[in-house]
Every structure is written in C-alpha cells, then in structure tokens.
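Worksheet: one structure, shown below.
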2 protein chains.
Amino acid sequence: MDLNLQKYFQAAVSVDNVVFGFDETGLNVLLIYRGADPYRNCWALPGDLISLDTNLDTSAVTVLQNLTGLQHLYMDQIRTFGRVDRHPYGRVFTVAYFALIKIEDYRVSAQSWAEEAAWFPIHDVPDLPFDHNEILEFAKEQLKMKIRKQPIGFELLPKHFTLSELQRLYEAILDEEFDVRNFRKKILSMDFIADTGLKQNAVTHRPAKLYKYNARKYNKLITSGFDFDL
Amino acid sequence: MDLNLQKYFQAAVSVDNVVFGFDETGLNVLLIYRGADPYRNCWALPGDLISLDTNLDTSAVTVLQNLTGLQHLYMDQIRTFGRVDRHPYGRVFTVAYFALIKIEDYRVSAQSWAEEAAWFPIHDVPDLPFDHNEILEFAKEQLKMKIRKQPIGFELLPKHFTLSELQRLYEAILDEEFDVRNFRKKILSMDFIADTGLKQNAVTHRPAKLYKYNARKYNKLITSGFDFDL
DNA sequence: CAAATATATTGTAAAAAATACAATAAGCAA
DNA sequence: TTGCTTATTGTATTTTTTACAATATATTTG
C-alpha cells in the first residue's frame with residue numbers, strides 16, 4: 001500500500017449492540033460481563049472489534065451471537081461513536097446497533113470471552129466502560145422514537161396479547177401514561193390488530209380478550225401511505 | 001501492539017458529507033470533482049479518509065472545509081456504510097453526515113485534491129463513485145424526516161422571507177404540494193414566526209409581507225413539550 | 001353462596017385539528 | 001384604464017383528540 005495511505009489504515013471498528021428485552025417486569029437491556037481486557041470484569045454492552053472481511057451489518061449480528069448466543073434478531077444501526085480516546089488500545093470507532101426482543105423467546109448464554117450475559121432493568125444499569133452509557137442513552141431515545149412510528153411493539157408480546165399488556169408495554173417504554181379508553185380506541189381503530197376470539201384463562205379476575213397483530217395487513221397499509229403513530 | 005489485535009487495526013474511516021443547499025432554483029446537493037485516486041475525474045460527495053488523531057464529528061467539519069472551503073455549518077451524522085468492497089484500496093468504513101445551507105450565504109471553492117465544487121439540482125445528480133448514490137438517497141430520506149420535525153427549513157431562507165417562499169421550500173424538499181390557505185394557517189399558528197412589518201419591494205406584482213423566524217421562542221416552546229410538525 | 005377483590009370493557013360530549021374550497025387585494029406594466 | 005401576476009384571507013365540514021366513570025366478568029374469601 002502507498003505509504004501516504006498507510007497512516008489512515010490503522011483504525012479498528014467495533015460494534016456495540018443495545019438489545020432491549022421486554023417481559024412482565026418491564027424493559028431490560030442485555031449486558032455481558034467482560035472476561036477480556038480492556039475493562040475486564042465489568043458489565044458492558046455486548047460488543048467487539050470486527051473482522052475486516054465481513055460486511056458491517058453482518059458483523060453486528062455475528063458479534064452478538066458470538067457473545068450471547070442470540071441469533072435471528074433484526075438489528076438496526078443507530079449511530080457511530082468516534083471520540084479519539086474512547087478506547088485504550090488505539091483508535092476504535094464503534095457502530096452501535098439496537099434490537100428489540102421478547103425475553104422469553106430467547107435464551108441468552110455467555111460465550112467466547114463473555115463470562116456472563118444478563119438482563120438489567122432499564123432503570124437499573126450500572127456504570128459501563130468506554131462510552132457505553134452514552135450509547136445506551138442514545139439507543140433509548142431511538143427506541144422511543146421508533147416505537148411511536150413503527151409497530152415494533154407487537155414483537156415484544158406473545159403472539160396473542162391483551163390490550164392491557166400492550167398498554168403496559170407502551171407505558172413502560174415511553175415512560176408515559178395513557179388513558180385506558182382512548183388507548184384502546186386508537187389501537188382498535190388500526191385494523192391490523194384483530195380479536196382472536198380467545199380469552200385469557202387461569203387469571204384471578206375477569207379474563208381479557210386476546211388480540212393478535214396482523215403484519216400482512218399492516219404492510220399493505222404502509223405501502224398505501226398509512227402512518228402508524230401512537 | 002498485541003499481535004492478536006494487529007489484524008483489527010487495519011481499517012480506515014472516511015466521512016462523506018451530503019450538503020444540501022437551497023436557492024430559488026430549489027434543492028441542490030454539493031459535489032466535488034475528484035482530482036485524486038481512486039475514481040479520479042468523477043463527481044462525488046465531498047468526503048475523505050480521516051486522520052486518526054481527530055474526533056469523528058470534528059473530522060466531518062474538517063474534511064468538508066478542506067475540500068470545499070465551507071465552514072461553520074452544523075453537521076449531523078446520519079449513518080455509517082461498511083460494505084466490504086465499497087473502497088478499492090482496502091477496508092474503509094464511511095460515516096455519512098449531512099448539512100443544510102442557504103446557498104447564497106456561502107461561497108464554495110474547491111480546495112486540496114478537489115478540482116471543482118459545484119451545486120447539482122437534486123433531481124439531476126450523475127452516477128457517483130463508491131456507494132455515494134446510496135448515501136445520497138439515504139440522506140434525502142433523512143432530510144425529509146427532519147424537515148417535518150424540526151424547524152430547519154428556516155435556515156434555508158433569508159432572514160426575512162415571505163410565506164410563499166417558505167411554502168415553495170417545503171414543497172421542493174418534501175416533493176408534495178400544500179394548500180395555500182391551510183399552509184399559511186398552520187405556519188402562522190406557530191407563534192415563533194413573526195411578521196416583520198416589512199414588505200417585498202422591486203417585485204412586479206403585489207408585494208408580500210416579510211416574516212422572520214424567532215429561534216428563541218421556538219426553543220422555549222420545545223422545552224415545554226411543543227412538537228413542530230408540518 | 002354472598003361478598004369482596006381484581007382487572008376488563010365500554011360511550012359520549014367537547015375541543016382541537018385537518019381538510020376542502022374561491023374570491024378579492026395590491027402592486028406593476030402596457 | 002386594463003391586464004397581468006402574485007398575495008392574502010374565511011368558513012363550513014370532517015376528522016381526530018381529549019377528558020372523563022360506570023358496569024361487567026372472572027376468581028377468591030368468608
């Protein structure tokens with residue numbers, strides 16, 4: 001390589017994944033316990049330097065799977081962080097990705113140099129190394145924006161869900177309360193959310209109707225200029 | 001450096017700037033004519049490899065100034081592109097930024113290895129090297145989203161502007177037409193847009209009233225939960 | 001089995017916002 | 001004075017948002 005170019009080709013790139021998971025306790029984020037330097041023995045976002053023969057988006061998926069066993073997630077790029085001194089080993093740019101999953105549908109298992117992998121309640125996250133706290137804050141903002149504009153919320157609930165569950169989900173993520181009647185009115189006015197005819201059972205109170213999300217209908221609406229907006 | 005790490009630290013990072021400019025002809029994008037390899041003698045987005053001792057956001061500003069002379073712009077990061085084969089010299093990740101300016105307020109002058117710098121109408125952009133066409137498309141989408149949500153449109157017009165000019169601006173960027181009466185109603189209902197008491201002169205028809213944008217009032221509204229939305 | 005408990009479900013009126021639609025006004029030029 | 005060009009304005013209708021509380025249905029308890 002040209003000597004003039006040499007000096008540019010000395011950077012590393014990492015990905016850091018912010019995986020949000022939802023369960024009955026609310027919104028959580030997945031962290032790993034680092035078993036490798038730098039910042040060995042810290043909880044951190046599951047991220048790693050990426051191999052230079054792999055496309056960026058593919059790397060995000062690979063890194064996550066390699067550290068936590070999670071696979072088949074849809075990951076979205078959110079932003080690149082590139083402060084000069086963000087990594088002690090040299091110039092490392094990190095590309096942050098985020099994903100949103102239903103915790104009970106996946107099993108996380110620490111792998112590679114990750115000693116543990118665990119879910120932390122979103123309001124109870126420890127100090128993280130690098131600029132991971134900053135990344136997490138940014139991801140939370142993105143999540144709020146996205147969940148208002150895209151029907152990703154449904155992917156966090158069981159296939160059949162009650163409107164109360166849905167409302168709790170939105171309230172947890174947006175950190176905001178909605179009027180029960182108005183919320184239901186709005187949701188039911190979107191005709192890609194359908195009554196299954198089923199009801200909850202084994203609950204100690206009036207059982208709620210179960211609904212399901214119809215992605216096919218949603219996609220049809222989207223293409224005809226519909227705008228999901230909570 | 002640890003030999004195991006060596007292999008990661010061989011990437012380069014570039015920034016590519018999508019600078020949108022508005023004038024009476026509509027929306028334009030700034031391109032440079034490359035006087036350096038690769039893709040010498042092509043029009044391309046003003047971008048360059050970045051020096052590894054500079055923060056990412058600073059690099060975006062520096063690169064743009066170095067190639068086009070533009071400075072004191074507010075640049076926003078939009079996305080990182082990292083296909084393995086996007087650059088012929090090696091693994092180069094590029095971070096795309098965008099900015100929005102009033103053409104007549106700035107003078108562009110090709111510098112460094114840029115042989116020319118010129119504005120191209122947004123609907124008349126040539127084939128670009130690397131993945132620059134893809135980056136540009138992405139930036140256009142971002143611009144549409146942002147201009148609906150933030151009052152950045154005002155930064156593209158003279159300090160004093162007419163409502164017709166403002167409407168033409170929005171119509172050019174969003175590629176959509178608005179009803180004259182409803183548009184004015186909506187704009188004037190935002191009380192951070194004020195009548196200056198002045199009128200156009202030297203026009204060959206009824207002169208329009210001149211308005212101005214009051215950023216201070218807007219910021220006050222924002223912090224109290226107001227949501228700009230066109 | 002009646003009462004208590006817990007959550008689910010529903011409607012309506014008022015206010016606000018969005019939409020559709022066309023006539024008149026104010027300059028300049030011929 | 002007339003014609004040309006762009007600027008400006010209002011109203012009725014529809015749609016959407018908001019605020020607000022009583023009743024229903026299941027289980028558990030006494």
Side-chain angles (χ1 to χ4, degrees), chain A residues 23-26 147-149 151 157-158 160-172 174 176-213 221 224-230, chain B residues 23-26 147-149 151 157-158 160-172 174 176-213 221 224-230:
Chain A
D23 64 12
E24 62 284 349
T25 72
I147 205 168
R148 281 181 173 280
K149 296 293 170 190
L157 293 173
H160 294 171
F161 53 87
T162 72
L163 293 187
S164 299
E165 289 169 343
L166 187 64
Q167 182 168 355
R168 277 194 294 273
L169 169 81
Y170 275 88
E171 291 180 339
L174 294 176
E176 181 183 354
E177 297 202 343
F178 298 97
D179 176 82
V180 188
R181 280 161 293 189
N182 294 338
F183 181 83
R184 297 166 83 95
K185 216 179 308 173
K186 189 149 196 175
I187 294 294
L188 293 177
S189 76
M190 304 172 180
D191 59 349
F192 50 88
I193 292 172
D195 191 338
T196 61
L198 303 172
K199 289 189 176 183
Q200 280 182 314
N201 59 357
V203 288
T204 172
H205 54 77
R206 175 176 178 177
K209 290 192 204 172
L210 292 168
Y211 292 83
K212 65 180 173 188
Y213 164 64
L221 282 174
S224 61
F226 167 82
D227 215 9
F228 182 82
D229 203 342
L230 203 84
Chain B
D23 64 11
E24 62 282 349
T25 73
I147 205 168
R148 282 181 172 279
K149 297 292 168 188
L157 293 173
H160 293 171
F161 54 87
T162 73
L163 294 187
S164 301
E165 289 168 342
L166 187 65
Q167 182 168 355
R168 277 194 294 274
L169 168 80
Y170 274 89
E171 291 180 339
L174 294 177
E176 179 183 357
E177 298 202 341
F178 298 97
D179 175 82
V180 188
R181 280 161 292 189
N182 295 338
F183 180 84
R184 295 174 157 255
K185 218 180 305 175
K186 188 150 194 174
I187 294 294
L188 293 177
S189 76
M190 304 172 181
D191 59 348
F192 51 88
I193 293 172
D195 190 339
T196 61
L198 304 172
K199 290 189 177 184
Q200 280 182 312
N201 59 354
V203 288
T204 171
H205 55 76
R206 175 175 177 177
K209 290 192 204 172
L210 293 167
Y211 291 83
K212 65 181 174 186
Y213 164 64
L221 282 175
S224 59
F226 168 82
D227 214 9
F228 182 81
D229 202 342
L230 203 84

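It should be emphasised that the depicted structure is a prediction, and the values quoted were computed from it without experimental measurement. Chain letters run A, B, ... following the sequence lines, proteins first and then strands; every chain starts at 1.
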Counted 5' to 3', the first and last nucleotides of DNA chain C within 4.0 Å (strictly under) of a heavy-atom of chain A are C/dA6 to C/dT12
Atom CD of A/Glu176 and atom P of D/dT17 are separated, to the nearest Å, by 14 Å
Worksheet item: Got A/Arg184 and A/Ser164 here, is their nearest side-chain heavy-atom distance under 4.5 Å?
Response: yes
B/Lys209 NZ to D/dT8 C1', in whole Å, measures 8 Å
Nearest-nucleotide check on DNA chain D, A/Lys199 vs A/Arg181; residue mapping nearer the 5' end is A/Arg181
Using a 4.0 Å heavy-atom cut-off, does B/Thr162 contact any base of the nucleic acid, only the sugar-phosphate backbone, or nothing at all? nothing
Whole-Å distance, B/Ile187 CD1 to D/dA7 C1', equals 16 Å
B/Gln200 atom CD is separated from D/dT5 atom C1', nearest whole Å, by 12 Å
hbond_proxy A/Arg206 side chain to D/dA26 base (donor-acceptor, 3.5 Å cutoff)
no
Residues A/Lys212 and A/His160: closest non-hydrogen pair is CB-CD2, 4.0 Å
A/Tyr211 and A/Leu188 have their tightest heavy-atom pair at CE2-CD2, 3.6 Å
- Message: Side chains of A/Lys185 and A/Asn182, heavy atoms from C-beta outward: is any pair under 4.5 Å?
- Response: yes
B/Leu188 CG to D/dA7 P, in whole Å, measures 14 Å
Taken to the nearest whole Å, CD/B/Glu165 to C1'/D/dT8 is 15 Å
Heavy atoms of other groups near A/Glu176 CD, more than 12 under 6.0 Å: yes
- Task: Test for a donor-acceptor pair under 3.5 Å between the base of D/dT11 and the side chain of B/Lys185, counting only N and O atoms.
- Result: yes
The residue, A/Lys186 or A/Thr204, whose nearest nucleotide of DNA chain D is more 5′ is A/Lys186
Note: A/Tyr170 and A/Ile147 closest approach over all heavy atoms is CE2-O, 3.5 Å
Rounded to whole Å, the CZ-P distance (A/Phe178 to D/dT17) equals 12 Å
Quiz prompt | Sugar-phosphate only, base, or nothing, as touched by B/Val203 at under 4.0 Å among non-hydrogen atoms | solution = sugar-phosphate
Indicate the ring-plane relationship of A/Phe192 and A/Tyr213, choosing parallel, tilted or perpendicular according to the 30° and 60° boundaries. perpendicular
To the nearest angstrom, the CG-C1' distance between B/Asn182 and D/dT15 comes to 14 Å
